[in-house]
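Just so you know, these numbers use all the heavy atoms, side chains as well, and skip hydrogens, waters and symmetry mates. We name chains A, B, ... by the order of the sequence lines, and we start the count at 1 in each one. Please read all numbers here as calculations on a predicted model, not as lab measurements.
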Amino acid sequence: MDLYFILENQKVHMIKIKFVLCWCILFVVTVSAKEIPAKKILMILWRGETEAERGFEEYFEQKNLAVDIVKRNCGETLEELREILKEIPQHSPDLIYTFGTTVSVATVSYVDSIMQKGRSQIPIVFNIVSNPQQASLADRGAHGKRLTTGASQSVPIKAQLNGISEMVDSKNIIMLYNAAEKNSKYQLSKLKEYTAKSDFSVLGFPVDNTILESPHMLDLFFKKNRESVIYLPSDSYIISNAAKIVVAANKYSIPVFSATEGPIRDSGALFGLVSRYYTVGQLAASKAEKILFGEVAVELIPIEQLKRFSFVINMTTARKINLPPPLLVVDFAEVVE
Amino acid sequence: MNKLFSPVKLTLEQSAQLGTRRIILFSIVVILGASLLFSFLARREFKSNLVEQLQGNAHVIGMSVESTLLKNINHGFTLEEQRGVRPYLKTKLDHNDEIAAIQLFDVNHKRIITVSSDSLFNYSEIGVDENTIVEKEIYHTGQLQGFVTVIISDTYLNKKIDAITYDILTVMAISLLLTLEMVLFITGVSVAAPVASIRVIVRKVITKDFRSTLKSTSGDEMGWVALSLNSAIGKVVSAYSKIVRVKGSNKKIEAFKQKYALPESTEHSAYFKVLLGFFRPTLFMIVFAEALSMSFFPLFVKQFTHGMNAIPNEILVSLPISAFMLFWAISIPVAGIWSDKSGRRKPMATGALFVAIGFVLTSFASSFTMLIASRAVSAVGYGMVYIAAQGFVADNTTQQNRTAGMASFISCFFSGALSGAAIGGVLVDRIGYRSTFYVSTVIALGAMFFALKFINSPHIEGKPVDNKFSIKNFVKILSNKKFLSLLIFSSIPAKICLAGYMYYIAPLFLNTFGINSSSVGRFLIAYGLSMVIISPLSGRLADKTGNKHYYILFGGSLAGVSLCIPLFIQNEFGVLMSILGLGIAHASSMSSQLSLVLGMFKDDEELGAGTVIAIYRLIERIGNIGGPLIAGVLIVTHTFHEAAAVIGIGTAIGALINGLVFYTRKPEGAHD
């Protein structure tokens, strides 16, 4: 055989080998990449999904970050919450997301207890907690570290009162609150404390199922307090029953201020200075990202609230109670129907 | 006036002077007429454009109001039901100075509300015309809901037109000054100087001196006369040379040479009479270039002081100004010696170049240190031009007309400063800091050209070059009590007033009244105008009457009083009055100061004019350097008007002390 022919043949053979080798390497790399597991997030909700959760989830989608979210809803019952907490070891999440003060406090307590039994820490990111400090969420656990971080939707009281002054003339605030909820009572005390040296007066009106299911009682109360403005705090019970409250207040053209967004959009409260749940959810997600993908320790991530808020007005309610928003307010406010 | 149009036969010189005056008058009339016409047309055009622009703004505001109203109207609320209308419209007015009032009308054009920026606003009394009202209809789902009317403020309109009118008038005044300078110079170069030169050469010929001819380069009538005269002289010299060549030297030729002064060769020395006014273009342009930044310089410096918290900002801002004065002072003795030894041309040209380089560096300055360095370079050049120009004046004047000569120097100096300060403010508002410094650079280079072309280099005939800047001379001068008194109690305080109040406090003070850079320049005009107009008159009067120290006493006292005016009139008018008063004070006294100083040592042959002026100006710089620093320290702890009053009171006291010294002391080898 001709030597040249032999050598050329060998050359071609080498090229083929290299080609196949490259494809093998590429295949292995691709497969390896696909095999990187998504981070697991256990979402414990109090009253089902809200805009906060949507904001949280969409954050990861927008950033193409692989997360696997498991959602569990307490249905506003403590028993269900306890059951869900017991499932935590089973889920083995990389991170726990909690909604609201009740869920967050219970979850932190549970995780702290299982850590004392030798289990490794599971970071917790809370969302929509109006007062993390008051709920002791900023405290360190038994082993000396802060277990949780998160985002608060609270708006400074001063800003809220300014918003109320801009919208209505009345300085009499009646705060409807949940007497069974520590957080709710705390908000009332803070409001009273802040307004003590101002020209606002604050009256707390505890509501429960008895009152809310009796239209006559609510009606009587509002009839006596027509010259007031109703204040709905950041309380899940109040938020859930906001529609009933608003209907009763509208009958006497009493403006209703809400510290959260939901009652304005969904239940017809007249106005509020609020943190957009969606944006707070995104803020919480940014903290979760640092923990899951940035490998930053929880205790190094500060608990935060938003710095910019939305003034939301429900124009349908404004028309109903014949109270057009002042032009300075309507100029910058977000208007909803 | 009769002399301008007199049918009486005049001498050549008188004809030249008459011609010069006619040219100046004609130039002024043409410039004034053209400027007035231009000003009228520009003002009219500006007003028309401004009204159009304001109408556009008003329309936008109307649309904005409509849009906000519709947010409620779209949800069923009528125009009459709106809440918070007054505070809302008030914010619109607060953010738009050009709007006098906003009104809402219902569909029947019945007024719902009027909100105006002036509480005394009465619609029916306002002389508004249709151009100043903009009306917007408000529609909702095709139905007319009402009207919003936006009324443009007449006050604002007039204020803007006044501002542009002032700018136009400023430009007009500066044009006149510039024209005057150029006409004076051109007529000097092309008429007065040739005429004077002809006179000198003719006199020489009459006295049988044929060694010089005229330096004639112009192609006009003067040039023709010069050529004819040169030709005649040339024929005589040629004939003589021919005779000498043919006959050689003999008794008759020697006797002829005794009687007639003839050149040894066929080369003649070309003569051109240097006039006193030849220094003016160079000095004017250098001072003009430097003064362009006068009105905005403290504000410009503030950009470089961020982060420098160890020293109060007010003192920091004064440092570049003081650095300029310091290096100006340092350059003076060096420039004085140099100009005495090598003539006035080189220092003036070199100085102009330094000034140009300094401005380039200033425009590119990126740090506080670099800014100070660039100012130092400019200051060195400035000092060279300054001293050489005064030396030139001293060279070309006698004791009889020295005060008038110095007054010419001062009026030229301040003419440049005035023009520069006024234009600088207008310029910087339109083209920015850096471009303004570029303009200064170009002008400084132009000054260098004039120095090279028109300033004579050789020394004045007959005057020995013997100036020495020695310790001995220094001590001799300072041991003159009157000199010392004049310096400490009059000259230095005058410079403190100038550098500390005019260049530092006044621009910052005016800024607090919301006056922008172009307007600050207009205020500083008052000082310059006084110097330009009053200084020559005062100089001539002082030469005529003698008793120059009375002029100095008057000037110092008036300066002191003027700086106290803002204490009682705490607004921009008070500042204007103080600047004007300071101008009159300095115009009355500065030329007398210089003349008096030179007169004190006129009999001392070891002390030349350059040395005396250099030492005087050097020590006087203490006021220029210290002025901004003193002002800076004062305004840290006092208000602007209090700081001005402190400087004023000090100046007045100094003037009185100096007056007493001159009144009580006998002359020390010098007289008034």
For the [atom1] atom on [X], are there more than 12 heavy atoms of other groups (residues, nucleotides or ligands in this structure) within a distance under 6.0 Å?
X	atom1	answer
B:Arg434	CZ	yes
B:Gln143	CD	no
B:Lys47	NZ	no
B:His109	NE2	yes
B:Phe573	CZ	no
A:Gln62	CD	yes

If every non-hydrogen atom of [X] is compared with every non-hydrogen atom of [Y], which pair is closest and at what distance?
X	Y	value
B:Glu81	A:Arg319	OE1-NH1, 3.7 Å
A:Pro325	B:Phe77	CD-CE1, 4.5 Å
B:Asn72	A:Met315	OD1-CE, 3.2 Å

Any residue meeting salt bridge (charged side-chain N to carboxylate O under 4.0 Å, His left out) with B:Glu137, in chain and number order, not counting sequence neighbours: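 Testing B:Glu137 for salt bridge (charged side-chain N to carboxylate O under 4.0 Å, His left out), a comparison that skips the adjacent residues, returns none.
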Residues in salt bridge (charged side-chain N to carboxylate O under 4.0 Å, His left out) contact with A:Arg276, at least two apart in sequence or another chain: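 Result, salt bridge (charged side-chain N to carboxylate O under 4.0 Å, His left out) vs A:Arg276: A:Glu261, A:Glu334.
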Let me know if [X] has heavy atoms under 4.5 Å from chain B in its side chain, its backbone, both or neither.
X	value
A:Val335	side chain
A:Glu166	neither
A:Leu323	both

Winner by heavy-atom pair count (cut-off under 4.5 Å) against chain A, out of B:Leu69, B:Asn74, B:Thr68: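 Ranked by heavy-atom pairs under 4.5 Å with chain A, first place is B:Thr68.
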Contacts with chain A made by residues 82-92 of chain B (heavy-atom distance under 4.5 Å), listed by residue number: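 Residues B:Gln82, B:Arg83, B:Gly84, B:Val85, B:Pro87, B:Tyr88, B:Thr91 are the ones that qualify, each having a heavy atom under 4.5 Å from chain A.
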Salt bridge (Lys or Arg N to Asp or Glu O under 4.0 Å) contacts in which one or both residues fall within residues 97-110 of chain B, not counting sequence neighbours: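 Found none.
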